[in-house]
Amino acid sequence: MASHIILKTKLAALSFLEFAVWGAYLTSLGIYLSGAGLGDKIFWFYTVQGIVSIFMPALVGIVADRWIQAQRMLSLCQLIAGLSMCGAAWYCSTATPVEFGPLFTLYTISVAFFMPTIGLNNSVAYTALGKAGLDTVKHFPPVRVFGTVGFICSMLLTNFLRIDGASMQETYFQLYSSGILSLVMAVYALTMPECPVSKGGDSKSLSEALGLKAFALFKDKKMAVFFIFSMLLGVSLQITNSYGTTFINAYRDVAEFASTWGARNATALVSLSQMSETLCILLIPYALRRFGIKGVMLLAMFGWVLRFGFFGLGDPGSGVWLFVLSMIVYGVAFDFFNISGSLYVDKKTDPSMRSSAQGLFMLMTNGVGAALGTLAAGAVVNSYVFTPGLTPAEQIEGWHVSWYIFAAYALAVAVAFWVVFKDDEKPGVSVDKAYDDSETM
């Protein structure tokens, strides 16, 4: 139907803008920070994304479920995020040198209001598709794939305009780019279909009134185990975003690799990861039907092992093909976990607390998991790479050791999940039927 095409086009544009905001700086910020003398502080800029995700998505999700329609809450959060990111860029343009405190404060305010918008974006899409009578498992992935396209376009713009930190000092322009896109998103979100709130009466308990019902999902043993492993896998989510381009860009200081295309275009090279996402997102409905949630999660976990391992083995010269392989498997590692997990939670959740449940999933993955992961990664990288006195070659060796450590962690999580998580969903059974199954582990 024409109305369905129009709706999916509008949702695709919403997803495009959502992730274009993030792609403008997420993978390239480390290059700028390293060039600004803040290399040993990189992990804090990514850790804070996890810290604010521990409480902000859940709180904002509660408000969207109970009081303010999700599309309006999405607009408000993007407005605050955009203004704060533009403020961070303005500070960088006026400060000499750039100090950690002011930049980090403005950046933190921005990401505190941006991170909840990922879950809100999903809620708006799920609600709109549901109201139109469309199956979210079938129709959401093709919509979400445009988010990855937006991320890629934003990354490539940052790379080829040379505002990623590799070639010029005015690299705070990537923050302006992100902030402006947030402001555009704030306006566009208001054109989305209405998402009704679930206003409760006086008979509601306090926990229900606050939207804390989503935590009742932990009473289901299978869901509890799922959320715990989501947190453990979330540890891996921001490591390559934090350090991937910084690692590849470091080869510019090694004579053997200084002139290679990969070393001089780290952000563009890493964008292959998001290109892989565009294909893997479309495979999600088939993968869920064929392998079930356990199989899909295991594929994601072993994808992270290969993601880190190939980084450790490769280089931008003769070993650049290993970097390319790392980018290819990223699509499986990220999408088969993040998107499939979100769909799984949606199918297990009552519509009245949809935004709260998505906020809880974000809390466990991009919140607790990512915060712990970037803190640990920061300790590892600062120990092996950013130790004063190391030569560029010694730093590269330290990078390789760091990637092997991350790969070993991902392998341990995958093996534990394979043993502990008992899945009663049969491969080949329809996703809707499998997810409606109320049996616990």
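Scope of the values below: all heavy atoms of this structure, side chains included, with no hydrogens, waters or symmetry mates.
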Q: With side-chain contact (heavy atoms from CB on, under 4.5 Å) as the test, would you mind laying out the steps for Val381 and Trp399 before giving the verdict?
A: CA-CA 7 Å; Val381 172; Trp399 279 117; 3.7 Å; yes

Q) Is Thr9 reaching over with its side chain to a backbone N or O of Ile5, donor-acceptor style, under 3.5 angstrom? A) yes

Q.
Strictly distance-based, threshold 3.5 Å: is any side-chain N or O of Ser273 a donor or acceptor partner for the main-chain N or O of Val270?
A. yes

**Q.** Under 3.5 Å: donor-acceptor pair, side chain of Ser178, backbone of Leu175
**A.** no

Q: Start with the C-alpha distance between Trp22 and Ile118, add both sets of side-chain angles, then the distance that settles side-chain contact (heavy atoms from CB on, under 4.5 Å), and finish with yes or no.
A: CA-CA 10 Å; Trp22 219 8; Ile118 299 174; 3.6 Å; yes

Q) Would you say Leu190 and Gln71 make side-chain contact, with heavy atoms under 4.5 Å? A) no

(Q) Centre-to-centre under 6.0 Å for Phe16 and Phe146, is that the case here? (A) no

Q. Roughly how far, to the nearest 0.5 Å, is OG1 of Thr245 from CD1 of Ile31?
A. 3.5 Å

Q: Taking the side chain as every heavy atom from C-beta outward, state whether Gln395 and Asp253 have any atom pair closer than 4.5 Å.
A: no

Q. Between Phe100 and Phe45, does the ring centre distance come in under 6.0 Å?
A. yes

Q | Whether Ser154 side chain and Ala24 backbone form a donor-acceptor pair below 3.5 Å | A | yes

Q: Considering non-hydrogen atoms only, spot the tightest contact between Thr127 and Pro196 and give its length.
A: CG2-CD, 4.3 Å

Q.
As an exercise, state the distance from OH of Tyr176 to CE of Met85, rounded to the nearest 0.5 Å.
A. 12.5 Å

Q: Decide yes or no for Ser340 and Asp335: does some side-chain heavy atom of the first lie under 4.5 Å from some side-chain heavy atom of the second?
A: no

Q. Would Tyr126 and Phe140 count as a close aromatic pair, with their ring centres under 6.0 Å?
A. yes

Q) Going by heavy atoms in the side chains, are Lys294 and Phe226 under 4.5 Å from each other? A) no

Q) If we only count heavy atoms from C-beta on, is the Tyr409 to Ser236 side-chain gap below 4.5 Å? A) yes

Q) Atom CG in Leu26, atom CD in Gln274: separation rounded to 0.5 Å? A) 8.5 Å

Q | Nearest atoms (heavy-atom pairs only) where Ile42 meets Gly30 | A | CD1-O, 3.5 Å

Q. Ser342 and Arg144: side-chain donor and acceptor closer than 3.5 Å?
A. no

Q) Just checking, any donor-acceptor pair under 3.5 angstrom between side chains of Thr374 and Gln238? A) no

Q: Measure the OG1-CE distance between Thr240 and Met327 for me, rounded to the nearest 0.5 Å.
A: 8.5 Å

Q) With distance as the sole test, does Ser276 use its side chain to make a donor-acceptor pair with the main-chain N or O of Ile328 at under 3.5 Å? A) yes

**Q.** side-chain contact (heavy atoms from CB on, under 4.5 Å) between Val187 and Ser75, intermediate numbers included
**A.** CA-CA 7 Å; Val187 175; Ser75 174; over 6 Å; no

(Q) I'd like to know if the side chain of Lys41 and the backbone of Phe104 have a donor-acceptor N/O pair within less than 3.5 Å. (A) no

Q: Please work out whether the ring planes of Phe229 and Phe417 are parallel, tilted or perpendicular, with thresholds of 30° and 60°.
A: perpendicular

(Q) For a quick test of reading the model, state the closest non-hydrogen atom pair linking Trp261 to Ala268 and the distance between them. (A) CH2-CB, 4.0 Å

Q: Grab the two heavy atoms, one from Val380 and one from Ser402, that are nearest each other, plus how far apart they are.
A: CG1-OG, 3.6 Å

Q | Side chain to side chain, Phe337 and Ser230, heavy atoms closer than 4.5 Å | A | yes

Q) Closest heavy-atom contact between Tyr91 and Pro97? A) OH-O, 4.2 Å

**Q.** The single option from Tyr330, Phe406, Phe310 passing ring-ring contact (aromatic ring centres under 6.0 Å, His included) against Trp304
**A.** Tyr330

Q: Could you tell me whether a side-chain N or O of His4 sits under 3.5 Å from a main-chain N or O of Ala132, the two making a donor and an acceptor?
A: yes

Q: Could you grab the distance from atom CD1 of Ile248 to atom OG1 of Thr27, nearest 0.5 Å is fine?
A: 9.5 Å

Q.
Quick one, Ser28 with Gln174, criterion side-chain hydrogen bond (donor to acceptor under 3.5 Å, both in side chains). Give me CA distance, side-chain angles, the key distance, then yes/no.
A. CA-CA 8 Å; Ser28 57; Gln174 63 185 283; 2.8 Å; yes

(Q) For the aromatic rings, using the six-membered ring if either is Trp, is the centroid distance between Tyr32 and Tyr172 under 6.0 Å? (A) no

Q. Looking at Phe151 versus Phe19, is the centre-to-centre ring distance below 6.0 Å?
A. no

**Q.** Heavy-atom donor-acceptor pair, Ser177 side chain to Phe173 backbone, under 3.5 Å
**A.** no

Q.
For the aromatic rings, using the six-membered ring if either is Trp, is the centroid distance between Phe247 and Phe323 under 6.0 Å?
A. yes

Q) So, for Gly87 and Leu106, which heavy atoms are closest and what is the spacing to 0.1 Å? A) O-CD1, 3.5 Å

**Q.** Heavy-atom side-chain proximity of Phe113 to Thr117 below 4.5 angstrom
**A.** no

Q | Worked verdict on Leu269 versus Leu272 for side-chain contact (heavy atoms from CB on, under 4.5 Å) | A | CA-CA 6 Å; Leu269 182 59; Leu272 295 175; 3.9 Å; yes

(Q) Counting neighbours of NZ on Lys131 that are heavy atoms of other residues, nucleotides or ligands and sit closer than 6.0 Å, is the number greater than 12? (A) yes

(Q) What's the separation between atom CG in Leu306 and atom OG in Ser326, rounded to the nearest 0.5 Å? (A) 8.5 Å

**Q.** Pairwise side-chain contact, Thr365 with Leu233, heavy-atom cut-off 4.5 Å (strictly under)
**A.** no

